[in-house]
Amino acid sequence: MLATRVTAILCLSGCLFAQDGALGDLPTTAAERDERMAWWREARFGMFIHWGVYSVPAGIHDGERVNGIGEWIMQRAKIPVVDYRSYAQRFNPVKYDADAWARLAKAAGMRYVVITSKHHDGFALFDSAVTDWDVVDATPYGKDLLRPLVEACKKHGLKIGFYYSQAQDWTHVGGSKRGYDDGDGWDPAHRGSFDEYLARIAQPQVREILTGYDIDLIWWDTPHLMTQERAEKLRPLLKLRPGILSNNRLVAGDKGDFSTPEQHIPATGLDSDWETCMTMNDTWGYKSYDGNWKSTETLVRNLVDAASKGGNYLLNVGPTALGEFPEPSVERLREIGRWMDTNGDSIYGTTASPFSNLSWGRCTKKVTDGSVTLYLHVFDWPTSGELRLIELRSEVVEAKLMATGDRLSVARGRDGLVINVPPTGPDPIDNVIVLKVRGELDVRRMLPRQDKAGVVTLLAAIGDLHTPPYAEPVSLMGSADKRFIGNWGDARNWVEWRFEVSSPGEFEVIADVATTASRPRISVSVSGHEIHTSLPDTGGERSYVEVKLGRITLKGNGTQTLAIKPKAEGWSPIALRRVTLRPVD
Ligand code: GLC
């Protein structure tokens with residue numbers, strides 16, 4: 001509802017800033033922070049919901065498919081404000097059932113939900129007093145979409161957060177637009193001052209959502225044109241809801257309560273709290289023709305991967321304009337839920353793996369009242385009947401298969417701990433073995449080291465894979481001893497290994513690699529040295545050849561790092577099984 005209360009609201013928010021300290025400072029001590037973060041760290045798994053008017057065109061404007069993520073259709077197709085607004089007349093989500101959404105999130109094992117209260121198109125899913133560009137005023141549906149969801153989440157014991165696009169707003173006058181300067185845009189109707197937009201729309205709306213809804217988290221996004229000074233127009237409002245969490249996207253460089261790697265899981269985790277958000281197909285907002293769904297196996301393993309590195313996984317659903325989750329999302333959520341029903345304890349409240357890379361899968365751990373439980377997530381079940389955990393020194397008091405409760409025997413061999421396992425694991429996606437450890441955790445992290453002949457072997461399975469946001473991720477493929485780093489079409493991906501050197505000297509660097517025709521070029525950097533080389537055509541994606549990349553000299557003992565990075569120009573995908581450093585006589 002666009003009310004005449006606008007001036008009153010502006011005055012109120014003005015007053016708030018005038019007496020900034022009056023609401024008390026945000027908690028700063030480590031203990032207070034831990035307390036605030038407790039539910040979020042316990043949760044590990046949440047649902048992202050991108051929902052708005054963009055679900056009406058659903059990726060098609062004027063009969064043409066528009067490339068890219070669905071909720072960006074207005075910007076990508078440069079749709080004039082008046083035309084985009086007309087889509088709202090067909091936004092009538094009569095099938096929306098907030099309770100069913102919350103139940104499904106819960107059934108999937110998720111512990112929180114984050115929904116777009118306003119995305120970059122400026123459309124609010126709540127009744128905002130400062131605009132008529134909201135669900136109540138601009139659509140035939142005419143009802144607040146957020147309140148029922150907040151209530152349903154509370155009822156089902158889920159935390160609820162609102163995403164709010166504080167900077168980009170492609171409809172209201174002055175909102176920022178990526179690719180455009182302050183004041184500019186593709187339509188005269190939305191050109192204007194960004195500062196005025198902040199004062200007229202963003203500030204009062206943030207106030208509306210913080211005072212009007214019992215939310216636990218606010219999720220800022222794309223801080224285009226935000227500065228520290230502008231951020232201070234919004235940040236103090238958080239005090240209106242003590243204890244609320246916020247992410248790191250209010251302004252570039254902001255830490256927030258947690259960071260937000262997007263569409264990728266950081267190779268080795270991050271030092272502070274973090275949450276990877278990810279789509280199930282290739283779009284956040286609904287697109288009618290995006291059928292590129294990730295498998296349930298990938299989604300479960302992503303969740304496990306994130307948890308094993310100490311992070312949360314926020315998995316997206318893009319509902320339709322009728323208010324339904326796309327069927328493939330529903331199927332996957334139910335399947336993830338089946339896995340979580342059995343194995344959820346290996347995710348909730350866990351912290352990062354204490355081990356370096358595990359070639360067969362991942363590990364999460366839980367420390368309660370000083371006792372340590374390790375959850376071994378076995379993606380590749382050993383056909384040998386023995387699962388090895390070479391770095392664990394602690395005594396194991398109990399080992400069992402989570403799914404069946406069956407006890408497993410353990411033995412200590414020359415290569416560390418051996419867990420005797422049945423010939424096959426019951427779950428094709430991830431079998432969890434629960435290890436209870438006596439006393440404090442004692443782990444000796446073992447990086448690859450030189451063998452008797454001085455050779456260092458860096459296997460695909462233990463490389464750290466780095467993918468920047470929005471790059472198609474390079475990934476570990478194949479199984480058991482046939483693992484390789486593949487899907488390496490995007491040249492921004494790179495791979496890195498750490499290893500121990502005890503006999504320094506000169507080494508030949510050899511890659512076991514398969515390439516397609518075009519002689520891709522790479523750089524190899526090893527502790528300060530760089531080799532730039534091109535790879536020969538090995539005759540196809542899976543025909544491996546040992547290729548000499550060049551020589552390097554390792555001067556000292558200790559931990560060294562080797563990184564392989566593609567050169568973008570002329571890049572074509574390669575598959576990499578192993579890198580070997582062989583001493584030169
Ligand atoms: C991006 C996009 C946006 C999406 C968000 C999710 O920053 O601009 O459309 O909401 O990522 O993380």
Side-chain angles (χ1 to χ4, degrees), residues 264 266-268 357 359 447-451 453-468 471-478 481-585:
H264 76 286
T268 39
N357 291 295
S359 58
L447 295 171
R449 41 187 75 229
Q450 291 179 272
D451 66 12
V455 176
V456 183
T457 306
L458 305 172
L459 296 173
I462 57 163
D464 289 331
L465 310 181
H466 295 270
T467 302
E472 168 74 15
V474 64
S475 49
L476 187 61
M477 303 171 81
D481 57 348
K482 300 216 171 53
R483 310 214 79 175
F484 64 95
I485 296 165
N487 197 36
W488 203 341
D490 191 316
R492 291 170 296 163
N493 287 293
W494 56 283
V495 183
E496 181 180 49
W497 289 265
R498 284 182 311 140
F499 57 97
E500 296 288 347
V501 173
S502 48
S503 309
E506 196 182 9
F507 293 80
E508 188 82 61
V509 184
I510 302 156
D512 186 17
V513 67
T515 64
T516 45
S518 82
R519 297 184 66 80
R521 288 183 308 132
I522 56 169
S523 74
V524 184
S525 42
V526 191
S527 304
H529 297 253
E530 290 231 336
I531 301 170
H532 300 270
T533 186
S534 62
L535 300 168
D537 178 4
T538 66
E541 264 177 55
R542 299 288 173 264
S543 36
Y544 288 91
V545 170
E546 297 235 312
V547 179
K548 288 184 178 169
L549 303 178
R551 290 184 174 188
I552 47 125
T553 305
L554 296 176
K555 290 214 173 82
N557 288 341
T559 308
Q560 311 267 358
T561 308
L562 181 145
I564 296 203
K565 296 186 178 175
K567 306 261 187 201
E569 201 188 323
W571 178 250
S572 70
I574 66 169
L576 184 62
R577 278 203 299 213
R578 175 176 62 222
V579 175
T580 313
L581 304 185
R582 195 177 296 283
V584 179
D585 300 325

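Scope of the values below: all heavy atoms of this structure, side chains included, with no hydrogens, waters or symmetry mates.
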Novice: Atom CD1 in Ile564, atom CD in Glu496: separation rounded to 0.5 Å?
Specialist: 11.0 Å
Novice: Got a donor-acceptor contact below 3.5 angstrom from the Trp488 side chain to the Asn493 backbone?
Specialist: yes
Novice: What's the shortest heavy-atom distance between Leu576 and Ala511, and which atoms?
Specialist: CD1-CB, 3.9 Å
Novice: Give me the one residue out of Leu447, Leu554, Thr559 that meets side chain to side chain contact (heavy atoms under 4.5 Å, CB included) with Val501.
Specialist: Leu554
Novice: Look at the side chain of Arg577 and the backbone N and O of Phe484, then say whether any donor-acceptor pair between them is shorter than 3.5 Å.
Specialist: no
Novice: Could you report the tightest heavy-atom contact between Ser534 and Arg521, atom names first, then the distance?
Specialist: CB-CG, 3.4 Å
Novice: Where do Val584 and Phe507 come nearest, in terms of heavy atoms and distance?
Specialist: CG2-C, 3.8 Å
Novice: Judged by atom type as modelled, is there a donor-acceptor pair below 3.5 Å linking the side chain of His529 to the main-chain atoms of Thr553?
Specialist: yes
Novice: Side chain of Glu472, backbone of Asp490: donor and acceptor closer than 3.5 Å?
Specialist: no
Novice: Under 3.5 Å, is there a donor-acceptor pair between the His466 and Lys565 side chains?
Specialist: no
Novice: Closest approach of Ser525 and Glu530, non-hydrogen atoms and distance?
Specialist: CB-OE2, 3.6 Å
Novice: Closer than 3.5 angstrom, by distance alone: can the side chain of Ser543 be matched with the main-chain N or O of Thr538 as a donor-acceptor pair?
Specialist: yes
Novice: To the closest 0.5 Å, what do you measure between CZ (Arg582) and CG (Asp451)?
Specialist: 8.5 Å
Novice: Do you know which two heavy atoms are closest between Thr515 and Pro536, and how far apart they sit?
Specialist: OG1-O, 2.7 Å
Novice: List for me each residue that meets salt bridge (Lys or Arg N to Asp or Glu O under 4.0 Å) alongside Arg578, sequence neighbours excluded, and say none if there are none.
Specialist: Asp512, Glu546
